[in-house]
Amino acid sequence: MFLRMTGQTILAAIVIALLAAGWQMMTRSGVAGVGGPATVEQVHHDDD
Amino acid sequence: MTTTDVQRGSQRRKPGAIEFSILYGWHATLSGAFIVAYLSRDEDTYAMHQFAGYLVLAAIVVRLIAAILAPAGSPLRMPRPDVAKIRDWLSRCVRVKASPLPRRPLLALTAMLLLVGIGATSGSGAVADFVPPVETIHEALGELALWIVLAHVAIVVALHGFRPSWRRPRTVAAPTCPQRGRP
């Protein structure tokens with residue numbers, strides 16, 4: 001039972017991490033909230 | 001129903017498999033979300049941290065509602081740690097000798113500590129979204145909750161994880177050779 005519950009926890013963590021990452025990309029708060037303008041400039045520099 | 005009701009003990013409700021399935025699913029959701037929330041607490045992954053944190057808070061609320069609505073004898077009921085038994089075990093270990101760990105009281109105690117610790121962490125995180133000064137408290141509670149989680153894992157491993165490896169099947173020759181390496 002211990003291994004089963006540990007495996008379930010890991011599986012749930014992976015699924016939740018994927019959902020959370022999708023939410024992060026949708027809201028883009030990690031980009032706009034802190035380093036928004038600089039990140040946009042870096043993207044333009046990468047394109048040059 | 002009074003305390004003199006002699007039929008009370010014999011009519012103990014047997015928990016169903018669905019209740020354990022719900023409990024295990026809830027445990028996986030809560031623990032998985034806590035791991036994601038703890039690992040994503042950086043500023044760059046703040047939206048992930050918020051998502052996972054609110055999922056933890058929702059899991060705690062759902063657990064409390066289930067504990068209120070669940071019938072008596074259900075594993076979904078709130079654990080009620082028997083502190084007296086743990087205290088007795090500790091005094092026995094100090095005075096006499098080591099005795100088997102009180103499994104149920106210990107697990108119930110850690111479950112209550114987890115619910116309180118993780119609940120306080122996720123609740124303070126939700127408050128910190130609107131009251132920024134609370135963020136410091138939220139961070140401290142998060143670190144404390146991690147230690148409670150690690151203690152819970154250690155206790156579960158001590159009580160359940162190593163038992164199968166310690167209990168080796170006895171062979172035919174085992175009774176005549178009680179000490180390893182001797183003929």
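We name chains A, B, ... by the order of the sequence lines, and we start the count at 1 in each one. Atom set for the values below is all heavy atoms of this structure, side chains included, hydrogens, waters and symmetry mates excluded.
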Closest approach of [X] and [Y], non-hydrogen atoms and distance?
X	Y	result
B:Ala28	A:Gln8	CB-O, 3.7 Å
A:Phe2	B:Val156	CD1-CG1, 3.5 Å
B:Ala47	A:Trp23	O-CD1, 3.6 Å
A:Ile16	B:Ala33	CD1-N, 3.5 Å

Please flag which part of A:Leu3 lies under 4.5 Å from any non-hydrogen atom of chain B: side chain, backbone, both or neither.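 Contact with chain B: none, neither part.
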Tell me, out of B:Val36, B:Leu39, B:Asp42, who's got the most heavy-atom pairs with chain A below 4.5 Å.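 Greatest number of close heavy-atom pairs with chain A: B:Val36.
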Using the rule that Ile, Leu, Val, Met, Phe, Trp and Tyr join whenever any side-chain heavy atoms are under 4.5 Å apart, tell me whether [X] and [Y] fall into a single cluster.
X	Y	result
B:Leu146	B:Leu113	yes
B:Ile118	B:Trp147	yes
B:Leu106	B:Val153	yes
A:Met26	B:Tyr54	no
B:Met78	B:Val61	no

Roughly how far apart are A:Gln24 CD and B:Asp44 CG, rounded to 0.5 Å?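 Answer rounded to 0.5 Å: 8.0 Å.
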Around atom CE of A:Met25, are there more than 12 heavy atoms from other residues, nucleotides or ligands closer than 6.0 Å?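 No, the 6.0 Å shell around CE holds no more than 12 heavy atoms from other groups.
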